[in-house]
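Input: a single structure, listed below in C-alpha coordinates.
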Amino acid sequence: MATKTEFTQDEWEALQKGVTGAGFLMAVSDRSFFDSFKEAGALARHLSEARKSGSSELIRELAEARATGFGLTSSSAEIESETLEALREAMQVLEEKAPEEADPYRSFVLEVAESVGNAAAGGEAAESESLEKIRSALGA
(Lines give C-alpha, C1' and ligand atoms only; values in the text may rest on other atoms or scores of the structure.)
Protein backbone atom coordinates (compact mmCIF):
# COMPACT_ATOMS: atom_id res chain seq x y z
CA MET A 1 0.00 0.00 0.00
CA ALA A 2 1.50 3.31 -1.11
CA THR A 3 1.73 6.45 1.01
CA LYS A 4 2.85 10.03 0.47
CA THR A 5 6.43 9.21 1.48
CA GLU A 6 6.92 7.14 -1.68
CA PHE A 7 6.49 10.14 -3.97
CA THR A 8 8.58 13.21 -4.70
CA GLN A 9 7.09 16.61 -3.89
CA ASP A 10 6.34 17.23 -7.59
CA GLU A 11 4.71 13.82 -7.98
CA TRP A 12 2.59 14.38 -4.86
CA GLU A 13 1.50 17.79 -6.10
CA ALA A 14 0.42 16.23 -9.42
CA LEU A 15 -1.58 13.57 -7.59
CA GLN A 16 -3.32 16.19 -5.43
CA LYS A 17 -3.83 18.68 -8.24
CA GLY A 18 -5.41 15.93 -10.31
CA VAL A 19 -8.01 15.26 -7.61
CA THR A 20 -8.84 18.82 -6.63
CA GLY A 21 -8.40 20.11 -10.17
CA ALA A 22 -10.96 17.59 -11.46
CA GLY A 23 -13.50 18.97 -9.00
CA PHE A 24 -12.56 22.54 -9.82
CA LEU A 25 -12.74 21.85 -13.58
CA MET A 26 -16.29 20.56 -13.16
CA ALA A 27 -17.20 23.64 -11.12
CA VAL A 28 -15.94 26.08 -13.74
CA SER A 29 -17.44 24.15 -16.66
CA ASP A 30 -20.65 26.06 -16.10
CA ARG A 31 -19.87 29.27 -14.26
CA SER A 32 -22.89 30.25 -12.26
CA PHE A 33 -22.33 32.26 -9.10
CA PHE A 34 -24.71 30.32 -6.86
CA ASP A 35 -23.85 26.95 -8.39
CA SER A 36 -20.19 27.58 -7.61
CA PHE A 37 -20.98 27.61 -3.87
CA LYS A 38 -22.87 24.31 -4.12
CA GLU A 39 -20.07 22.75 -6.16
CA ALA A 40 -17.32 23.97 -3.83
CA GLY A 41 -19.29 22.53 -0.93
CA ALA A 42 -19.63 19.20 -2.73
CA LEU A 43 -15.87 19.09 -3.32
CA ALA A 44 -15.15 19.86 0.34
CA ARG A 45 -17.67 17.24 1.55
CA HIS A 46 -16.29 14.58 -0.77
CA LEU A 47 -12.71 15.21 0.35
CA SER A 48 -13.78 15.23 4.00
CA GLU A 49 -15.51 11.88 3.63
CA ALA A 50 -12.49 10.40 1.83
CA ARG A 51 -10.19 11.57 4.66
CA LYS A 52 -12.27 9.47 7.03
CA SER A 53 -13.10 6.42 4.95
CA GLY A 54 -11.05 6.46 1.74
CA SER A 55 -10.39 3.11 0.09
CA SER A 56 -6.65 3.27 0.87
CA GLU A 57 -4.11 5.21 2.91
CA LEU A 58 -3.04 7.00 -0.27
CA ILE A 59 -6.60 8.18 -0.99
CA ARG A 60 -7.01 9.34 2.62
CA GLU A 61 -3.75 11.30 2.40
CA LEU A 62 -4.69 12.83 -0.95
CA ALA A 63 -8.02 13.93 0.50
CA GLU A 64 -6.15 16.12 2.97
CA ALA A 65 -5.56 18.64 0.18
CA ARG A 66 -6.44 22.14 1.34
CA ALA A 67 -6.05 23.93 -1.99
CA THR A 68 -6.88 23.28 -5.62
CA GLY A 69 -3.58 24.52 -6.98
CA PHE A 70 -5.45 27.30 -8.79
CA GLY A 71 -6.11 30.91 -7.92
CA LEU A 72 -9.21 33.02 -8.30
CA THR A 73 -7.75 34.56 -11.45
CA SER A 74 -7.01 31.22 -13.15
CA SER A 75 -8.78 30.99 -16.48
CA SER A 76 -10.95 28.04 -17.46
CA ALA A 77 -8.37 27.13 -20.08
CA GLU A 78 -5.58 27.10 -17.46
CA ILE A 79 -7.64 24.99 -15.10
CA GLU A 80 -8.46 22.51 -17.84
CA SER A 81 -4.96 22.16 -19.28
CA GLU A 82 -3.19 21.99 -15.90
CA THR A 83 -5.72 19.54 -14.44
CA LEU A 84 -5.56 17.20 -17.41
CA GLU A 85 -1.75 17.34 -17.42
CA ALA A 86 -1.68 16.62 -13.67
CA LEU A 87 -4.00 13.64 -14.17
CA ARG A 88 -1.85 12.20 -16.97
CA GLU A 89 1.28 12.68 -14.85
CA ALA A 90 -0.41 11.18 -11.78
CA MET A 91 -1.46 8.07 -13.67
CA GLN A 92 2.03 7.63 -15.09
CA VAL A 93 3.59 7.99 -11.62
CA LEU A 94 1.11 5.53 -10.11
CA GLU A 95 1.69 2.97 -12.86
CA GLU A 96 5.43 3.19 -12.19
CA LYS A 97 5.50 3.43 -8.39
CA ALA A 98 2.21 2.04 -7.08
CA PRO A 99 0.24 0.23 -9.79
CA GLU A 100 -2.15 -1.18 -7.16
CA GLU A 101 -3.25 2.42 -6.45
CA ALA A 102 -3.99 3.39 -10.08
CA ASP A 103 -7.58 2.09 -10.13
CA PRO A 104 -8.50 3.47 -6.68
CA TYR A 105 -7.04 6.87 -7.68
CA ARG A 106 -8.94 6.84 -10.97
CA SER A 107 -12.18 5.96 -9.15
CA PHE A 108 -11.60 8.63 -6.50
CA VAL A 109 -11.00 11.36 -9.10
CA LEU A 110 -14.10 10.36 -11.06
CA GLU A 111 -16.21 10.25 -7.89
CA VAL A 112 -15.03 13.76 -6.95
CA ALA A 113 -15.73 15.10 -10.45
CA GLU A 114 -19.18 13.50 -10.62
CA SER A 115 -20.06 14.68 -7.12
CA VAL A 116 -19.20 18.27 -8.01
CA GLY A 117 -20.97 18.00 -11.37
CA ASN A 118 -24.15 16.74 -9.71
CA ALA A 119 -24.16 19.39 -6.97
CA ALA A 120 -26.11 21.94 -8.99
CA ALA A 121 -28.61 21.75 -11.80
CA GLY A 122 -27.79 23.11 -15.23
CA GLY A 123 -24.68 23.03 -17.35
CA GLU A 124 -24.97 19.31 -18.01
CA ALA A 125 -23.53 19.50 -21.53
CA ALA A 126 -20.43 21.42 -20.46
CA GLU A 127 -19.95 19.25 -17.40
CA SER A 128 -20.36 16.07 -19.44
CA GLU A 129 -17.68 17.30 -21.83
CA SER A 130 -15.34 18.07 -18.93
CA LEU A 131 -15.99 14.68 -17.36
CA GLU A 132 -15.07 12.96 -20.62
CA LYS A 133 -11.81 14.91 -20.77
CA ILE A 134 -11.06 13.85 -17.19
CA ARG A 135 -11.83 10.21 -18.04
CA SER A 136 -9.57 10.39 -21.05
CA ALA A 137 -6.68 11.87 -19.05
CA LEU A 138 -7.10 9.07 -16.51
CA GLY A 139 -7.09 6.44 -19.24
CA ALA A 140 -10.59 5.35 -18.27
Side-chain angles (χ1 to χ4, degrees):
M1 184 148 305
T3 62
K4 182 179 180 177
T5 59
E6 297 174 44
F7 301 95
T8 67
Q9 183 65 30
D10 287 344
E11 291 168 342
W12 188 253
E13 287 174 9
L15 288 162
Q16 280 193 316
K17 191 170 194 175
V19 172
T20 57
F24 205 52
L25 177 58
M26 294 298 287
V28 300
S29 293
D30 178 39
R31 288 190 184 237
S32 169
F33 183 73
F34 291 108
D35 289 352
S36 295
F37 287 111
K38 291 178 187 174
E39 292 163 337
L43 176 58
R45 280 188 303 280
H46 203 90
L47 292 177
S48 176
E49 182 61 33
R51 279 192 295 277
K52 297 174 193 166
S53 61
S55 62
S56 71
E57 180 65 27
L58 181 70
I59 298 302
R60 289 187 294 276
E61 288 179 329
L62 286 168
E64 292 177 9
R66 299 288 186 225
T68 62
F70 300 102
L72 292 175
T73 60
S74 296
S75 71
S76 295
E78 284 176 286
I79 294 166
E80 180 178 317
S81 68
E82 290 181 27
T83 295
L84 299 178
E85 180 57 34
L87 290 170
R88 286 188 284 272
E89 182 181 339
M91 291 307 297
Q92 181 179 352
V93 166
L94 289 172
E95 291 296 338
E96 291 170 7
K97 290 190 169 185
E100 72 281 1
E101 295 289 355
D103 284 338
Y105 178 82
R106 184 181 293 115
S107 294
F108 180 49
V109 170
L110 290 172
E111 290 167 7
V112 166
E114 290 170 351
S115 174
V116 172
N118 292 330
E124 286 82 7
E127 289 170 347
S128 179
E129 184 180 325
S130 292
L131 187 58
E132 284 309 309
K133 290 176 183 178
I134 291 167
R135 279 194 176 107
S136 178
L138 289 167

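What you are looking at is a predicted structure, and each value in this text was computed from that prediction instead of being measured. One-based numbering along the sequence shown.
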(request) Could you list the residues that satisfy side-chain contact (heavy atoms from CB on, under 4.5 Å) with Ser81, not counting sequence neighbours? (result) none
Report, one line per pair, each donor and acceptor closer than 3.5 Å where one atom sits in a side chain of residues 130-140; sequence neighbours left out.
| residue | atom | partner | partner atom | Å |
| --- | --- | --- | --- | --- |
| Ser130 | OG | Ser29 | OG | 2.5 |
| Ser130 | OG | Ala126 | O | 3.3 |
| Glu132 | OE2 | Arg135 | NH1 | 2.8 |
| Lys133 | NZ | Glu80 | OE1 | 3.3 |
| Lys133 | NZ | Glu80 | OE2 | 3.0 |
| Lys133 | NZ | Glu129 | OE2 | 3.3 |
| Arg135 | NH2 | Glu114 | OE2 | 3.0 |

(message) Could you measure the distance from the CD atom of Glu61 to the OG1 atom of Thr5? Nearest 0.5 Å is fine.
(response) 7.0 Å
(request) Find the distance between CG (Leu25) and CD (Glu82) and round it off to the nearest 0.5 Å. (result) 11.5 Å
(message) If we ignore hydrogens and angles and just use 3.5 Å, is the side chain of Tyr105 paired with the main-chain N or O of Leu15 as donor and acceptor?
(response) yes
Which donor-acceptor pairs under 3.5 Å do side chains of residues 43-52 form with protein atoms, sequence neighbours excluded?
| residue | atom | partner | partner atom | Å |
| --- | --- | --- | --- | --- |
| Arg45 | NH1 | Gly41 | O | 3.3 |
| Glu49 | OE2 | Ser53 | OG | 2.8 |
| Arg51 | NH1 | Ala63 | O | 2.7 |

(request) Could you tell me which non-hydrogen atom of Glu127 sits nearest to which non-hydrogen atom of Gly117, and how far apart they are? (result) OE1-O, 3.0 Å
(request) Mind checking the CG-OG spacing from Asp103 to Ser55? Nearest 0.5 Å is all I need. (result) 10.0 Å
(request) With sequence neighbours left out, write down each residue that passes side-chain hydrogen bond (donor to acceptor under 3.5 Å, both in side chains) with Ser115, or none if nothing qualifies. (result) none
For residues 84-94, please give each side-chain donor-acceptor pair under 3.5 Å, one per line with the distance, not counting sequence neighbours.
| residue | atom | partner | partner atom | Å |
| --- | --- | --- | --- | --- |
| Gln92 | NE2 | Glu96 | OE2 | 3.4 |

(request) Search all heavy atoms of Ala22 against all heavy atoms of Val109 and return the closest pair with its distance. (result) CB-CG1, 3.6 Å
(message) So, taking the atom named CD1 in Ile79 and the one named CE in Met26, what distance separates them when rounded to the nearest 0.5 Å?
(response) 13.0 Å
(request) Among residues two or more places apart or on two chains, list those pairs meeting salt bridge (charged side-chain N to carboxylate O under 4.0 Å, His left out) that have a residue in residues 4-14. (result) Glu11-Lys97
